[in-house]
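Take a look at the structure set out below.
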Amino acid sequence: MDKVVIVMPAWNESDNIKRMIAELVDKELPQINAEMHLLVVDNYSKDDTAKIVEEASKTRNNVHIIQQGDKSGLGWAYIAGFKYAVSKLGADAVMEMDADFQHPPRFVKPMVEAYLEGADYVIGSRYIPGGSIPKEWAFFRKFISFAGNLFIRLVLLKPRIHDLTTGFRLTRVKGVLDKMDLDNLMEPGRFAHKVHLLYQAIKNSKKVVEVPLEFASRTQEKSKFNTKEMIATFKVAIILGIKDKIRFIKFGTVGFLGFMVNFIGIRVFRGMGLAETLAWLFATELAIINNYTLNNIWTFKEAKIGGLGKTIFKFLQFNVTSAGALAIQSIFGPLGVRLVGVRFDWLVLAVVVVLMVLPYNYLMYNLVIWKTWKLPWAKKANA
Ligand SMILES: Nc1nc2c(ncn2[C@@H]2O[C@H](COP(=O)(O)OP(=O)(O)O)[C@@H](O)[C@H]2O)c(=O)[nH]1
Ligand SMILES: [Mg+2]
């Protein structure tokens, strides 16, 4: 049977944690078709939180507690909890869940079921049908939650996921959590770490499933979430969003440099008295050499091609794919001009380059030249 460990940070939650053990551990967990454990990660609470959990663990072998260590903040609690759940409890999956009933225990079951049906990452989602945020929240708070989430969704380019900031999630250990870098989590002291966890989990997951969550409002005290937390969260999202596109940005930069080399080259060779065709030919080849070299040592440095034989082969291949790009331009350029008139040749060039040549080159580089992408069926064949 699969072992699922619910990692639950708790800090001064004595009232909640007592109820949580009664409702989650004693009522909900036995109804789930997996070996369910609760791991409370305390942070030296001033109240009876630790005592209550320790007491409960004496009569239940699926209740555990650890202390977080000297680093304070929610992210650190999860790092400590995940590590303990995997290495000491042998978890097959870990869950993130709050102790304050904002994540009602009845939603654990459908999440675990999604995992048992093959999901690698399960998101308790407030923004899909069946999910919700508290009705009693003020309009502004609702707006912030929705808009902030939408912003992160856009920045990370994850249109198919509806809730990227929820605190209620399940992560498969094998192939997902064990590939995540928990030691270098951004903003582990803040709420913002959630976005970095999500980013890494999605990257390693084949199947991501969202399950509706009716997010409840906190019964006691006010939320810790504030403007500072919000800015940190956006910052993490933006950094990750850019990181993801950094290769494409480098590719674009090299392409632009290549264009400049080509442009200047024609004039230089022409000035040297070369025939027009030769001037174009040499300038184009110079641009190809420029693009190959810079992409190899910069854009695709993780997949750098070395050695004489390999370099010659790859460079020839690169010339062939570049010829393909030239062919696209010389077919669709004149075609476009015929369509909209020579007055708009610049527009035709821009459209052909942006919509056809750039995607074509990027695809060729990633698939054929530096082989950083694998087609889904190729992936299967390799595995
Ligand atoms: N171990 C630990 N738990 C924390 C810490 N801060 C918050 N928690 C717990 O994390 C959960 C979420 O905290 P909460 O203040 O409700 O955050 P919010 O719901 O995002 O406003 C609750 O179970 C808290 O008891 C911390 O520094 N250490
Ligand atoms: Mg809360």
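Both ligands and their constituent atoms are indexed starting at 1 by order of listing. Predicted model, so just to flag it, every value in this text is computed and none were measured.
Checking only distances, Phe191 never comes within under 3.5 Å of ligand 1, N or O to N or O. Remark: ligand 1 and Glu13 share an N or O pair separated by less than 3.5 Å (distance only, no angle test). For ligand 1, none of its N or O atoms has an N or O atom of Ala77 under 3.5 Å away.
Ion pair Glu13/Lys18 not flagged as a salt bridge, since none of the NZ, NE, NH1 or NH2 atoms sits closer than 4.0 Å to an Asp/Glu carboxylate oxygen.
Listed by atom number, the atoms of ligand 1 under 4.0 Å from Asn43 heavy atoms are 1 (N), 2 (C), 26 (C), 27 (O), 28 (N).
Under 4.0 angstrom from ligand 1, the non-hydrogen atoms of Pro9 come from both its backbone and its side chain. With a 4.0 Å heavy-atom cut-off, ligand 1 is reached by no atom of Met8.
For Asp100, the N/O/S atom at the shortest distance from the Mg ion (ligand 2) is named OD2.
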Subject >> Criterion salt bridge (Lys or Arg N to Asp or Glu O under 4.0 Å) on Arg153 and Asp163, from CA distance to verdict >> reply: CA-CA 8 Å; Arg153 201 167 150 196; Asp163 195 340; over 6 Å; no

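Asp48 and Ser14 share no donor-acceptor pair across their side chains, judged by distance under 3.5 Å alone.
Between the side chain of Asn149 and the main chain of Ser145, no donor-acceptor pair closer than 3.5 Å is present.
For Phe315, the ring-ring contact (aromatic ring centres under 6.0 Å, His included) criterion is met by Tyr292, not counting sequence neighbours.
For atom 10 (O) of ligand 1, the candidate residues are Asn16, Thr49, Leu74; the nearest heavy-atom contact is made by Leu74.
By the 4.5 Å side-chain criterion applied to Ile, Leu, Val, Met, Phe, Trp and Tyr, Leu89 is assigned to a cluster that also includes Val5, Val7, Leu39, Val41, Ile66, Leu74, Trp76, Tyr78, Ile79, Phe82, Tyr84, Val86, Val94, Val173, Val176, Leu177, Met180, Leu182, Leu185, Leu197.
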